[in-house]
Asks: 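Following this message is one structure expressed as structure tokens.
For clarity, every value in this text was computed on a predicted model and none was experimentally measured. Just so we're on the same page: letters track the sequence lines, and every chain starts at 1.
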Amino acid sequence: MQQKYNPHVIEREAQKYWEKSAAFRAAESPDKPKYYCLSMFPYPSGKLHMGHVRNYTIGDVLTRYYRMKGYNVLQPMGWDAFGLPAENAAMANGVPPARWTYDNIVDMKKQLASLGFAIDWSRELATCRPEYYRWNQWLFLRMLEKGLVYKKTGVVNWDPVDQTVLANEQVIDGRGSGWPERVKTMQANWIGKSFGVRFAFPYELPAGSNLPSPSGRGAGGEGGASEAQAPDKGLLWVFTTRADTIMGVTFCAVAAEHALAARAARDNAKLTAFVEECRRCSVTEADLATMEKKGMPTGLTVTHPLTGEPVPVWVGNYVLMAYGEGAVMGVPGHDQRDFDFATRQRLPIKPVIKPRGGALELPLKAAHLEYGVCFNSGQYDGLDYEQAVDTIAADLQAKGLGEKQVLYRLRDWGISRQRYWGTPIPIIHCDHCGDVPVPDGDLPVVLPEDCVPDGTGNPLAKREDFLKCKCPKCGKPARRETDTMDTFVDSSWYYLRYACPDNGGHMVDERVQYWLPVDQYIGGIEHAILHLLYSRFWTKVMRDLGLVTLEEPFTNLLTQGMVLNEIYSRRSESGRIAYYNPAEVEVTQDDRGSRNAVLRADGQPVDFGGLGTMSKSKNNGVDPQELIDHYGADIARFFMMFTSPPEDTLVWSDAGVEGAARYLRRLWTFAWRFSKTATKSSDALRGAALPKELAGVRREVHAVLKQANYDIRRHQFNTVASAAMKILNALERAPETGPARNAVAHEGLGILLRLLSPITPHVSHHLWRELGFGKDVLAAPWPEPDPSALIEEEIELVVQVNGRKRGDVRVPRDADSKAIETIVLADPAVRKFVNGQPVKKVVVVPGRLVNVVV
RNA sequence: GCCGGGAUGGCGGAAUUGGUAGACGCAGCGGACUCAAAAUCCGCCGGUGGCAACACCAUGAGAGUUCGAUUCUCUCUCCCGGCACCA
């Protein structure tokens, strides 16, 4: 055995061993429980970043752990290879996106290999290959047949929150695992199921003023806008979750795209301009919520369905055409947006809800949002929220002007992109037959890979060889669709394809039945909504088509935290900010922690800008390749696992990496010295009583192992790494000589190398062989603590008086409460603090503490 | 703005069901080894007072429940993630 730890040599050796023995090739095997461990596949940007390293290390730790626990484990890898960056790179370098992407894949695969991940590369896939994306196209056509592509209801009626998330949960040690609560809550809010009332304000327009036909509206078909046959009379439909406030309506607001707005704008130039302005502005939620509430009167009035009073109609920039009816009732007294709008437009505010058993403070300074009791509301006065909603909904229904309704915030998924580097949408435009789906037999519609986008639109539009085709229906010349699919389509089902990447004839086959669902999915929290929701949606579609029997694609989800680093900058006199990589900055700290940072290059101070995600713009990235080149994979992996729990953010620290290196060198040195002195037998442990000190060391090793096994099951890998440190510390404390010591060290090293092997597989592999434990640590069983090593004759109890620690006592292991009480009350420290006062009670927590209450 | 999450020494973090706050590591300080430095090893290391024994304070701020709260409840402050064409 070498005296010096040389990570690069042993890592290359271990990786060769795994490659030669095809160690990570996963085959369907019915005699073992399966474990499908999946990390989110990377976008092939060209270089791994630290987030990837962290993500895949977490996945690899689980993969190797479950394998040693006897599972048949699959850990695949692939490439989320379509997307915008390739087009941007293409424009910058004049290289086709395909070429750029494939080159990047080669580079990144090499990097992944150098980290020693237990990946089954035989299942590798890239979403930009026709043999993958043809199934995007195929499934798109199935959805088209089913009407899912157009039909709004197909999407929104799916309510995962009420379905199987909880039912599928796996329970570990009595603790719910599965999906983090916050992800479920976020998705639930995103879907945004809300219960309310849909109702209408009747109106009459001057005769002969036909409404233009509605645009872009799917559901809510019989709404006011489509009452075009009755030009004089119409209904303005709205949705509200607060029907109890209906008597407080002082206006209505419609979206700029609403038919009534268009009607009113026809002979009103100012309103036309305003409608145009609204159309142009952003529709993101954040902007909508914070922008100024602008509006303009349409000059039209509608009739309140319950009071019969006239209500003015406004166009409001805060009303979203895509949600509900594209129109809202305005109740400024009880809705903050309406309040802002009414205040700005000097519209009346009519409060109609007051706190139960109290009064409103008038005039209102802000909308009163809490539920309460109706007042100022005619026949509804005195009703509470539920009674009011029920009564009002019934009254509206009686007039044929409304009903209760469930509405979802979830919008349609617009999947088409005006981009080149994506899956072609398999549609053909024919002048005679309209939009015609490409027949299954003609799939895939292959994306030409030699285009170079130049920033002037989709290059496919200029490719005659792509565009020109025959209409599948009538055979006449026709044109192909040039839009491509959102890349979220690619990532919505790739985890199924890993089960059967070689099947040229079908999208999925029976191997999906074996491997799926994914037992553990690992990725960034930033994907908690979109990607995960799309994947679940996609799975349900495939289930409905009979392609899979899965209810949910992922049983457990681990959302890993981001990798942060310090940010340093300097503002020049011109006001421009220059960012400096933390590696170029020398930081000194006094013992109070105040920080002094200077740039190494010039010795001048730089500003510390806090912590931020590693990014190009802040120039605070650390290249994983440099880390691996310098320290090797095991040290990088150990640092990643030790520094933070997987779900928390991880702050980069050069000193922390150095600490990880120090530990592994210390482990190596210990193993080396052991190899010089030890016999290869642990027989001395059996039967023979160990000296007290060695028994203590052994007890600690097993106690730490017990805790570590709990921690690894709950995915708290930082304390597993720290357990490995504690075990080495304990072994180093043992006296240096003697067969009993060697036996304890031998057993301890055997435990330690196995415990470490998921985190630092290379050094574990090497030392396992070198010290004669066996041929392959991966084939060894996971270590379990020996209960007999944990037994102590005397245990230590903490003694409290009135909940404050006042000392500790040693008592026999099997002492009962009574005996403990007697011992404790006789303790001098206790007597001092009891100080003659009567003892009210004594709380004994077995094995932990005793609290004397006076 | 809405939704979600978080806050513990100089730093990363630990504390399993409410039971010794600060495990393990980093940084720092002191010492050994060395001609010297690096590496390595040993010791100290939340704050205040005290020679010390020890006492008091302390888990973002404020209240509450409890024999006992980092942990449970309420209010507040600050930081982070998502918000639908970035992936």
Asks: Using Watson-Crick and G-U wobble pairs whose two distances are both under 3.5 Å, how do you write the pairing of RNA chain B as dot-bracket, with | for links to another strand?
Replies: (((((((..(((......[....))).(((((.......))))).((((....))))..(((((..]....))))))))))))....
Asks: Can you tell me if the side-chain N/O atoms of A:Gln560 get under 4.0 Å from OP1 or OP2 in B:rG81?
Replies: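 Answer is no, no contact under 4.0 Å.
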Asks: Using a cut-off of less than 4.0 Å, is there contact between a side-chain N or O of A:Arg662 and OP1 or OP2 of B:rC26?
Replies: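 It does, given that an N or O in the side chain of A:Arg662 lies less than 4.0 Å from OP1 or OP2 of B:rC26.
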Asks: Students often get this wrong, so: under 4.0 angstrom with heavy atoms, is A:Tyr534 touching a base, only sugar-phosphate, or nothing?
Replies: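 A:Tyr534: no heavy atom of the nucleic acid under 4.0 Å.
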Asks: Can you tell me how far P of B:rA23 sits from CZ of A:Phe717, to the nearest Å?
Replies: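 The distance from CZ of A:Phe717 to P of B:rA23 comes to 23 Å, rounded to the nearest Å.
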Asks: Checking A:Ala724 now: which residues fulfil side chain to side chain contact (heavy atoms under 4.5 Å, CB included) with it, not counting sequence neighbours?
Replies: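 A:Ala724: side chain to side chain contact (heavy atoms under 4.5 Å, CB included) contacts with A:Tyr663, A:Leu752, A:Leu756.
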Asks: A:Arg848 side chain N/O closer than 4.0 Å to the phosphate oxygens (OP1, OP2) of B:rG18?
Replies: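 Checking A:Arg848 against B:rG18: no side-chain N or O falls below 4.0 Å of OP1 or OP2.
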Asks: Please work out if A:Thr669 contacts a base, only the sugar-phosphate, or nothing of the nucleic acid, heavy-atom cut-off 4.0 Å.
Replies: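 Nothing, no heavy atom under 4.0 Å.
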Asks: A:Asn88 has an atom CG; how far is it from atom C1' of B:rC85, in whole Å?
Replies: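 About 13 Å, once rounded to whole Å.
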Asks: Counting side-chain heavy atoms from CB outward, which of B:rA87, B:rC67, B:rA15 is closest to A:Thr487?
Replies: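 Within the option list, the nearest is B:rA87.
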Asks: A:Asp490 has an atom CG; how far is it from atom P of B:rA87, in whole Å?
Replies: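 Between P of B:rA87 and CG of A:Asp490: 10 Å.
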Asks: Are the side chain of A:Tyr495 and the backbone of A:Ser492 linked by a donor-acceptor contact shorter than 3.5 Å?
Replies: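 Such a contact is found between A:Tyr495 side chain and A:Ser492 backbone.
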Asks: Between B:rA87, B:rC41, B:rG12, which nucleotide has the shortest distance from any of its atoms to the side chain of A:Arg666?
Replies: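 In terms of side-chain proximity for A:Arg666, the closest of B:rA87, B:rC41, B:rG12 is B:rC41.
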Asks: So what does A:Tyr663 touch, heavy atoms closer than 4.0 Å: a base, only the sugar-phosphate, or nothing?
Replies: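 Contact class for A:Tyr663: none.
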Asks: What's the closest nucleotide to the A:Asn851 side chain, out of B:rC26, B:rG19, B:rA55?
Replies: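 So the nucleotide nearest the side chain must be B:rG19.
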Asks: Identify whether NZ of Lys or CZ of Arg in A:Arg806 sits under 6.0 Å from the centre of the six-membered ring of A:Phe833 and within 45° of that ring's axis.
Replies: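 Yes.
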Asks: Of the nucleotides B:rG12, B:rG19, B:rC67, which one has an atom closest to the side chain of A:Thr643?
Replies: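 Per side-chain heavy atoms of A:Thr643, the pick is B:rG12.
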Asks: Counting only side-chain heavy atoms from C-beta out, which of B:rA87, B:rG13, B:rU20 sits nearest to A:Leu849?
Replies: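 The closest nucleotide is B:rU20.
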Asks: Roughly how many Å apart are B:rU65 and B:rU73, using the P atom of each and rounding to a whole number?
Replies: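 Approximately 16 Å lies between the P atom of B:rU73 and that of B:rU65.
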Asks: With nearest nucleotides of RNA chain B determined for A:Arg665 and A:Leu650 from heavy-atom distances, which residue corresponds to the more 5′ nucleotide?
Replies: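 It is A:Leu650, whose closest nucleotide lies nearer the 5' terminus.
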Asks: Does a side chain donor of either A:Asn620 or A:Trp652 reach within less than 3.5 Å of an acceptor in the other side chain?
Replies: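 Distance-only check fails for A:Asn620 and A:Trp652.
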Asks: Using a cut-off of 4.0 Å on non-hydrogen atoms, how would the nucleic acid contact of A:Asn718 be classed: base, sugar-phosphate, or nothing?
Replies: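 Sugar-phosphate contact only - A:Asn718 comes under 4.0 Å of backbone atoms but never of a base.
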Asks: Return the nearest nucleotide to the side chain of A:Pro85; candidates are B:rC67, B:rU20, B:rA87.
Replies: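 Out of B:rC67, B:rU20, B:rA87, the nucleotide with an atom closest to A:Pro85's side chain is B:rA87.
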Asks: Could you state the interatomic distance from CG (A:Leu533) to CZ (A:Phe488), rounded to the nearest 0.5 Å?
Replies: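 The CG atom of A:Leu533 sits 10.5 Å away from the CZ atom of A:Phe488.
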Asks: Test of understanding: with side chain to side chain contact (heavy atoms under 4.5 Å, CB included), list the residues that count as partners of A:Pro44, not counting sequence neighbours.
Replies: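 Side chain to side chain contact (heavy atoms under 4.5 Å, CB included) list for A:Pro44, sorted by chain: A:Trp79, A:Ala81, A:Thr101, A:Asn104, A:Ile105, A:Met108.
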Asks: For atom C1', what is the distance between B:rA84 and B:rC79, given to the nearest Å?
Replies: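 Their C1' atoms lie roughly 25 Å apart.
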Asks: Nearest to the side chain of A:Arg804, heavy atoms from C-beta on, is which of B:rC41, B:rC85, B:rC56?
Replies: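 Ranking B:rC41, B:rC85, B:rC56 by closest atom to the A:Arg804 side chain puts B:rC56 first.
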Asks: Mind running a 4.0 Å heavy-atom check of residues 724-733 of chain A against RNA chain B and sending the residues that fall below it, in number order?
Replies: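 The stretch gives A:Met725, A:Lys726, A:Asn729 as the residues lying under 4.0 Å from the strand, ordered by number.
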Asks: Which value, in whole Å, describes the distance between the P atoms of nucleotides B:rG31 and B:rU70?
Replies: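 Taking atom P in both B:rG31 and B:rU70, they lie 38 Å apart.
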Asks: What residues form a side chain to side chain contact (heavy atoms under 4.5 Å, CB included) with A:Thr669, not counting sequence neighbours?
Replies: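 Partners of A:Thr669 under the side chain to side chain contact (heavy atoms under 4.5 Å, CB included) test: A:Arg673.
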Asks: Of the listed nucleotides (B:rG19, B:rA87, B:rC85), which one gets closest to any side-chain atom of A:Val845?
Replies: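 Per side-chain heavy atoms of A:Val845, the pick is B:rG19.
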Asks: Can you list everything that forms a side chain to side chain contact (heavy atoms under 4.5 Å, CB included) with A:Ser39? Sequence neighbours excluded, please.
Replies: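 Residues passing side chain to side chain contact (heavy atoms under 4.5 Å, CB included) with A:Ser39: A:Asn55, A:Tyr56, A:Ile522.
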Asks: Please tell me whether A:Thr719 and A:Asp711 have a donor and an acceptor in their side chains that are separated by less than 3.5 angstrom.
Replies: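 Checked: A:Thr719/A:Asp711 side chains pair up, N/O donor to acceptor below 3.5 Å.
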Asks: Please determine, for the side chain of A:Phe642, which listed nucleotide (B:rG12, B:rU20, B:rA23) has the closest atom?
Replies: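 When the side chain of A:Phe642 is considered, B:rG12 is the closest of B:rG12, B:rU20, B:rA23.
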